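Letters A, B, ... are given to chains in the order of the sequence lines, protein chains preceding strands, and every chain is numbered from 1. Keep in mind it's a predicted model, so treat the numbers as computed, not measured. The analysis underlying the following values was restricted to heavy atoms, covering all of them including side chains, and did not include hydrogens, waters or symmetry mates.
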Protein chains: 2
Amino acid sequence: MSLPHAILTALLEKPSSGLELTRRFDKSIGYFWSATHQQIYRELGKLEQAGHIRALPAPVPVRGQRKEYEVLPAGRAELGTWVARSEDPKPMRAALLLRMRAAAVVGATGLRAELSRHLALHQEQLDEYLAIESRDFPADRRHSEPDRLRHLVLRGGIEMERFWVEWLTGALAELGTE
Amino acid sequence: MSLPHAILTALLEKPSSGLELTRRFDKSIGYFWSATHQQIYRELGKLEQAGHIRALPAPVPVRGQRKEYEVLPAGRAELGTWVARSEDPKPMRAALLLRMRAAAVVGATGLRAELSRHLALHQEQLDEYLAIESRDFPADRRHSEPDRLRHLVLRGGIEMERFWVEWLTGALAELGTE
DNA sequence: TCTGGTTCTGCAACTAGTTGCAGAAGATTC
DNA sequence: GAATCTTCTGCAACTAGTTGCAGAACCAGA
């Protein structure tokens, strides 16, 4: 049950409408917790019902009208207890590793192309993260506690992509010698 | 739709019953594609219906009776085309990174303990992988193509765990200086 | 002004994964 | 030989996430 908390975090960083949230989930937060606009709208409804957020007063409340949400004290409290909650890491789900394992049984035809494709995608993502890092967290500045935490999160994304880039590079080299 | 293919792969490696599969999913395959026994039984039913696998003839076919499954040619063919299929990498889902991001907003109380706990878990998993590696893939032997692929998959698991161990270690150090 | 694109919200139906429970078969113990 | 424990299979109901579609508001340009 992480999505509501992802939304609370995003709304605390900045009150937003459903679509704005969707966009922000396409980057930033979405880098480690993705969601479709559908999930987000549904969850916003639930959160409002639960009294964790509220829609900022709009001139005319009509369907199809843009609505901005902000977090209420109850929502902030809920997020606080969730942060301290303990939760076991879920095993990763990597279809590509599964494919390779299957390839060991039925043959690796066509796998090379897919590996290169993924390599390019991860390389691209890595570059994007690195660009964000040098923009938002220059090495020559002291940062506040919240910023240090945010930087740690970004480092997580960076190292994760680096892992993929290196593994894929190695895998291609290994397959190349066949 | 990876689960059926994970099962086909497992069954090709060795025909098994539902419960045996469940156990093998608790390790090996499950390291990068986990599944509960429920999912597995349901999927076995579907795969049988689709003509991809069949139950080995049993003396008395009763409910509650153990059933062994083997892959049929149609199932092997299906797996072959799936291996060559192209599929975009899904963004990772890391609740821990989300927690840290939330902590940047509402405060990091209680997060340290959770980080240490995860560190221990990942370290343990890493050690397990390394043990498997030195047992199954000793450096001084040439390996067959399928074995080289399986080794690559295991390397993936190893490097992934190493990523977590390093990131968590760094994060704890960073939080320690607060 | 009406036509047609874009933005924003949302319903409905689906697929995938999880949890709780229960029944049959076989082994074990008293 | 009856109680009970473990193994194995499975149903049912749930939660989470995805896909397809559509309607209202807004904003062009002809």
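Atom CZ of R99(A) sits about 12.5 Å away from atom CZ of F32(B), to the nearest 0.5 Å.
Here dC14(D) presents its P atom at 14 Å from CZ of R42(B), a figure rounded to the nearest Å. Across the protein-nucleic acid pair, R24(B) atom CZ and dC8(D) atom P stand 14 Å apart, rounded to whole Å. Going from atom CG of L3(B) over to atom P of dG17(C) covers 6 Å, rounded to whole Å. Atom CD in Q49(A) sits roughly 15 Å away from atom C1' in dG10(C) (whole-Å rounding). Between the CE atom of M1(B) and the P atom of dT18(D) there is a distance of 16 Å, given to the nearest Å. With rounding to whole Å, I40(A) atom CD1 is found 11 Å from dG17(D) atom P. Taking atom CG on D26(B) and atom P on dC8(D), their separation rounds to 13 Å, with Å as the unit. Atom CD of E20(B) is separated from atom P of dT7(D) by 14 Å (rounded to the nearest Å).
Checking the phosphate oxygens (OP1, OP2) of dA16(C), no side-chain nitrogen or oxygen of Q39(B) falls inside 4.0 Å. A close approach under 4.0 Å does not occur between any side-chain nitrogen or oxygen of R23(A) and OP1 or OP2 of dT7(C). A sub-4.0 Å separation between OP1 or OP2 of dG17(D) and a side-chain N or O of K90(B) is absent. Phosphate proximity of dT9(D) to Y41(B): present, with a side-chain N or O under 4.0 Å from OP1 or OP2. For R93(A) and dG17(C), the shortest distance from a side-chain N or O to OP1 or OP2 is below 4.0 Å.
Using cut-offs of 30° and 60° for the angle between ring planes, the W164(A) and W167(A) rings count as perpendicular. Using cut-offs of 30° and 60° on the angle between ring planes, the pair Y41(B) and H37(B) is perpendicular.
Out of dG10(D), dG17(C), dC21(D), the shortest distance to the side chain of H37(A) is found at dC21(D). When distances are taken from the side chain of L19(B) to each of dG17(C), dT9(C), dC8(D), the shortest belongs to dC8(D).
For S17(A) and E68(A), the side-chain atoms include no donor-acceptor pair closer than 3.5 Å. Judged purely by distance below 3.5 Å, without hydrogens or angles, the side chains of H151(B) and E174(A) never pair a donor atom with an acceptor atom.
Taking 3.5 Å as the limit, the base of dG17(C) and the side chain of Q38(B) contain no donor-acceptor pair of atoms between them.
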